[in-house]
Amino acid sequence: MTAVALANLELDLDVFSGPFDLLLTLVLREEVDLLELQLAEVVLAYLDHLEQRGELDLETATEFIVLVAALLELKSRLMLSSEEQELLDIEPEQAAEELLARMLDARRFRAAAAHLGELLDAEHGVRFRIAPPPPNLRRAIVHAADGSHDPQVLGEAIGRMLLMPPAISVRHISTLRITVAERLSHLRELLRRGSFSFDEAVRGADRMTVAVTLFALLELYKRGEAEWEQQESFGEIAIHGRAHEAPAEVLAG
Amino acid sequence: MSEQPELVRTVEALLFLSSDPLSPGELADATEAGEGAVVAALAVLAEEYAPGLRGIRLRELGGGWTLASDPDTEDAARRLFSRPRASTLSPAQAETLAIVAYLQPISRPEITRIRGVSADSASATLLDRGLIEEAGHSQFGAVLYRTTPQFLKLFGLRSLDELPDIARWDPTPEEQAELRERLLRAGEARAS
Amino acid sequence: MSEQPELVRTVEALLFLSSDPLSPGELADATEAGEGAVVAALAVLAEEYAPGLRGIRLRELGGGWTLASDPDTEDAARRLFSRPRASTLSPAQAETLAIVAYLQPISRPEITRIRGVSADSASATLLDRGLIEEAGHSQFGAVLYRTTPQFLKLFGLRSLDELPDIARWDPTPEEQAELRERLLRAGEARAS
């Protein structure tokens, strides 16, 4: 599983230093723990690398995005505890199979693309004649075409377009027991006491509550009731009230 | 047949590719050979493509040389060109044409809404082929389309009343709403 | 050169006139001859237009037969016609084309999922160049794509069957098994 085009991307991370393709190999061999690897750092290093080179190689960029997306997906699944995985119906085997399939697909079609490129190159210099039919034949074309189309195709086309797409099934999404309104009033309560961190706001909460709380926080930000800052990726999120106005009391009701 | 010298082969290829007659001067420039050598090559080809030998002839026309099909083959050529072509309309073109045929006059934005994807290239082709034409503007300034008399001829229809009844292909015939409204609804559901 | 039988001459003329490859069936209809006789005539012409003999070649491409220039004459053709024959494909276009060629009919969201990045601009270019075309809609309403006869023609393929088995580019079963096992062990270590 080497990524030839990315071999030049040198990384210097907390848990690893060396070329990107080596990192990939080590992750797959479990010699580097995917959970300890900060993928944001890898992306930043790649952006630096791009800036230094001063050009965007689309092929390499595509490859990089596919690989990082696959790693990100695998990592996010690794981060779930096993009972929560049951909830989402994702097995580790499934995650591994999916990553493998994704990587094999990307590799397969890149090779197939190269093959098509070779085929096209082999045809270099082959030209075909593009000429209108001689004048004495042109009339024949238009004349004989009368009635040559079947009106049924129009009816079929309309039938195709009348078809409503099937409704998207939402059965697999578990019912929300936590409401945004609940979490909004919780956050407003905390804000009244001053600044706090996101971790404090969700201490001891389950994953769904964490997600809904984050959503409620976005809502507060949108309404101008709160601001937040994060010094570094994965760092603490500090939340402050807006000093210049105090609409919280009004809107809380 | 025996192998021809390179210049003869190159001149033959150029005459084959060009839809217009080529002068010895043009051929000499392209082949980077002398005009005398090109004239000699043309003489070799003139013998090869002499009338009656093959299906293609070499002809001198207005100071240039051109390959043309032998007149004896004209009947077959006419049958070839007049055959109803198998894949005349792409699915995108058929859909766009069907929308115009059943809902005319109709604006391009509406066609796009029904199809869920842009119909620009399909409607350009249909305009080009004389199957649809512009029919003024909607109250919002969008160009309206309708089908042409040529459309009726090509589809063997005496009038638009003869368009096939779509009930046969209707997936939900119990729906009561107007055709236009139903198509717009389905298109928007697909696009979302 | 000696005089050719009438059917051979007529087939040669039709191949010369048609810009698309012609199948033996189409040639038989136009010439009003049997398909067997047409195939025999094509064999005579294939010998006449064998590689290396002349500036034109007879090729079997995209399900039919067509005349094409010999690549040796390309330099002269480029000097004569300012337009280059066909530009190459960008990596994104080649990848999108490969996915469509192997998985057709396939929708754009599926192509995007496989590539990991949007295929919108690449597929628009391929549509524009006539290498892929729309092929109806998926059950979810997404436009499906397939390759065109033009694709086969430009890539020198008689049919899609000539594309090598995609499995040819897979790692060996041993490599794959080892990779799978590593990934599994990593997953299980997390889950326990």
Side-chain angles (χ1 to χ4, degrees), chain A residues 1 27-30 34-35 57-59 61-63 65-67 69-70 74 77-79 81-82 85 91-97 99-100 102-117 119-131 133-134 137 160 163 165-166, chain C residues 16-17 19 57 59 66-75 77-78 81 85-86 88-99 101-102 114-117 136-137 139-141 153-157 163-164 166-171 176 179-180 182-192:
Chain A
M1 253 326 97
V27 167
L28 294 178
R29 282 188 192 152
E30 285 181 74
L34 189 51
L35 283 177
D57 174 358
L58 268 183
E59 190 176 3
T62 306
E63 187 172 359
I65 291 165
V66 170
L67 292 172
L74 181 63
R77 290 180 179 182
L78 290 180
M79 288 168 87
S81 68
S82 43
Q85 276 183 8
E91 299 298 323
E93 291 83 5
Q94 201 182 335
E97 283 298 333
L99 177 57
L100 180 68
R102 191 77 63 91
M103 290 172 131
L104 288 180
D105 258 356
R107 181 171 151 148
R108 243 175 231 139
F109 287 108
R110 206 160 34 246
H115 178 72
L116 289 183
L119 286 181
L120 191 61
D121 286 347
E123 292 297 304
H124 176 77
V126 177
R127 290 178 188 243
F128 302 94
R129 182 180 158 86
I130 303 164
L137 291 173
R160 219 157 50 219
L163 201 62
Chain C
F16 173 76
L17 289 172
S19 50
R57 286 188 190 186
R59 306 268 316 263
T66 189
L67 293 172
S69 70
D70 188 298
D72 290 351
T73 66
E74 171 61 9
D75 286 346
R78 197 175 317 120
F81 306 103
R85 175 197 164 262
T88 50
L89 296 174
S90 75
Q93 288 159 11
E95 238 176 84
T96 304
L97 185 58
I99 292 169
Y102 277 96
I114 292 170
R115 292 199 55 229
V117 288
H137 290 91
Q139 52 173 328
F140 305 110
K153 187 174 154 186
L154 292 182
F155 283 72
L157 297 165
L163 286 175
I166 191 83
R168 173 176 151 184
W169 294 293
D170 284 351
Q176 245 181 92
L179 199 58
R180 178 176 288 116
R182 277 182 205 154
L183 285 164
L184 270 176
R185 264 190 280 123
E188 276 157 12
R190 281 310 121 217
S192 60

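Every chain is numbered from 1 and lettered A, B, ... according to where its sequence line falls, protein lines coming before strand lines.
- With rounding to the nearest 0.5 Å, the separation of OH in C/Y102 from CG in A/L116 is 6.5 Å.
- Between A/L163 and C/H137, the closest side-chain pair of non-hydrogen atoms is not below 4.5 Å.
- Of the two parts of C/D70, only the backbone, made up of N, CA, C and O, holds a non-hydrogen atom closer than 4.5 Å to a non-hydrogen atom of chain A.
- Take A/R160 and apply the side chain to side chain contact (heavy atoms under 4.5 Å, CB included) test, not counting sequence neighbours, and it matches A/A157, B/P91, B/E95.
- In this structure, CZ in A/R127 is found 7.5 Å from CZ in C/R78, a value given to the nearest 0.5 Å.
- Heavy atoms only, all atoms of each residue included: C/T66 and A/F128 are closest at CG2-CE2, 3.8 Å.
- For A/H115, the ring-ring contact (aromatic ring centres under 6.0 Å, His included) partners are C/W169, not counting sequence neighbours.
- In this structure, chain A has heavy atoms under 4.5 Å from both the backbone and the side chain of C/I99.
- For the residue pair A/G125 and C/S69, the shortest heavy atom distance occurs at O-OG, 3.4 Å.
- Taken to the nearest 0.5 Å, the CD1 atom of C/I166 stands 4.5 Å off from the CZ atom of A/F109.
- Ranked by heavy-atom pairs shorter than 4.5 Å toward chain A, the options C/G136, C/A94, C/A167 are led by C/A94.
- Heavy-atom distances place the side chain of C/R59, and not its backbone, under 4.5 Å from chain A.
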